[in-house]
Amino acid sequence: MKIVFATNNAHKLMEVQAVLGDAYTLLTPRDCGVTEEIPEEQETLEGNASQKSHYLRDRTGLDCFADDTGLEVEALGGAPGVHSARYATDGHDFEANNRLLLKNLEGVENRRARFRTVISLLLGGEEHLFEGIVEGRIIDRETGHEGFGFDPLFIPDGYAKTFAEMTTDEKNAVSHRARAVRKLAEFLHSIEK
Ligand code: IMP
């Protein structure tokens, strides 16, 4: 089955393809001729995921899904949350985002944080939402070179290393996005039967 996934991020594509398995061929927006940035202008993860999947479906006419993720830090009242990608700058500057996060947590004892992903799937014109959460904590300096985004600063509960020190398989065992994608995969499998 071919399905469009609203990302041009190679890391994300690899993570999601690994969870969904070979039964699904993931197409990127670029594969479908959509080269402009897909708008995400809402104030919630649900709103953004939904806006992106509708935008892609309208452009391609194909079944598609989009995800939106935020890092929610307890001591910062849930920030950066839906603004995670543009926390420090207008662009997706991961290093600047990490620097700002560390600065905002300087001297703060409570390091609790969680990643939350929402997926919006548009299938045959109907929308389905799936959520995945991983709880953990923010450490005080970047550690590890794998992954992307806030991975070098986040240690999931039950582990002694950051997401950036894990292989794709290890990260997929617990990550927010993998949890949401597994729910998506279970749903797709259930309607095939
Ligand atoms: P997006 O909605 O998936 O693009 O995520 C928004 C922002 O959250 C990204 O630009 C990253 O900074 C951060 N983010 C999302 N997923 C992850 C992840 O798996 N690890 C680390 N940071 C992430």
Side-chain angles (χ1 to χ4, degrees), residues 4-19 26 28-30 37-56 64-73 76 78-105 111 113-121 129-139 142-157 159 161-182 184:
V4 189
F5 176 31
T7 190
N8 286 312
N9 175 330
H11 276 292
K12 262 200 206 175
L13 196 64
M14 190 176 62
E15 285 181 11
V16 171
Q17 183 76 68
V19 175
L26 292 181
T28 64
R30 241 177 250 139
E37 200 168 330
I38 301 173
E40 41 182 324
E41 302 148 331
Q42 310 304 308
E43 279 303 310
T44 61
L45 299 177
E46 287 78 2
N48 274 341
S50 186
Q51 183 178 16
K52 288 191 278 189
S53 65
H54 279 85
Y55 182 92
L56 255 192
C64 56
F65 66 95
D67 72 329
D68 202 45
T69 295
L71 175 69
E72 301 174 342
V73 181
L76 302 177
V82 71
H83 304 293
S84 290
R86 295 180 178 79
Y87 189 35
T89 69
D90 259 2
H92 297 247
D93 186 337
F94 295 146
E95 280 181 24
N97 287 344
N98 286 344
R99 274 199 304 274
L100 181 60
L101 180 60
L102 287 180
K103 186 163 163 278
N104 288 341
L105 285 177
R111 314 295 288 199
R114 66 183 197 168
F115 278 111
R116 192 164 74 88
T117 292
V118 175
I119 291 177
S120 159
L121 167 71
L129 294 177
F130 306 93
E131 184 187 58
I133 291 173
V134 60
E135 302 279 349
R137 66 192 162 90
I138 303 298
I139 55 171
E142 293 190 39
T143 309
H145 300 285
E146 304 299 324
F148 68 99
F150 298 104
D151 279 347
L153 291 178
F154 184 84
I155 297 187
D157 286 349
Y159 288 79
K161 57 184 176 180
T162 67
F163 270 165
E165 295 176 285
M166 295 184 180
T167 63
T168 299
D169 281 351
E170 281 178 304
K171 183 177 170 187
N172 274 343
V174 287
S175 91
H176 46 300
R177 191 165 21 261
R179 285 180 169 153
V181 174
R182 274 196 285 275
L184 165 75

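First listed ligand is number 1; within each ligand, the first listed atom is number 1. Side chains included, hydrogens not; waters and symmetry mates left out as well; all remaining heavy atoms used. One-based numbering along the sequence shown.
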In residues 129-137, what donor-acceptor pairs under 3.5 Å come from side-chain atoms, sequence neighbours left out?
residue: Glu131; atom: OE2; partner: Arg116; partner atom: NH1; Å: 2.7

Problem set entry | Side-chain H-bond candidate by donor/acceptor type, Ser50 with Ser120, under 3.5 Å |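 There is no such pair between these side chains.
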Exercise. Side chains of Tyr87 and Asn98: is there a donor and an acceptor less than 3.5 Å apart?
Worked result: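 Their side chains do not contain a donor-acceptor pair, so the 3.5 Å distance test is not met.
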For this session: With sequence neighbours left out, write down each residue that passes ring-ring contact (aromatic ring centres under 6.0 Å, His included) with Phe94, or none if nothing qualifies.
Result: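 Counting only residues at least two positions away or on another chain, Phe94 forms a ring-ring contact (aromatic ring centres under 6.0 Å, His included) with Phe148.
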Exercise. Can you name the side-chain hydrogen bond (donor to acceptor under 3.5 Å, both in side chains) partners of His83, sequence neighbours left out?
Worked result: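 Counting only residues at least two positions away or on another chain, His83 forms a side-chain hydrogen bond (donor to acceptor under 3.5 Å, both in side chains) with Glu43.
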For this session: Specify whether Phe115 and Phe150 have parallel, tilted or perpendicular ring planes, treating 30° as the upper limit for parallel and 60° as the lower limit for perpendicular.
Result: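 The arrangement is tilted - the two ring planes meet at 30° to 60°.
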Exercise. In order of chain and number, which residues sit within 4.0 Å of ligand 1 by heavy atom?
Worked result: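 The answer is Lys12, Asp68, Thr69, Ser84, Ala85, His92, Phe94, Phe115, Phe148, Gly149, Phe150, Asp151, Lys171, His176, Arg177, counting any residue whose heavy atom sits under 4.0 Å from ligand 1.
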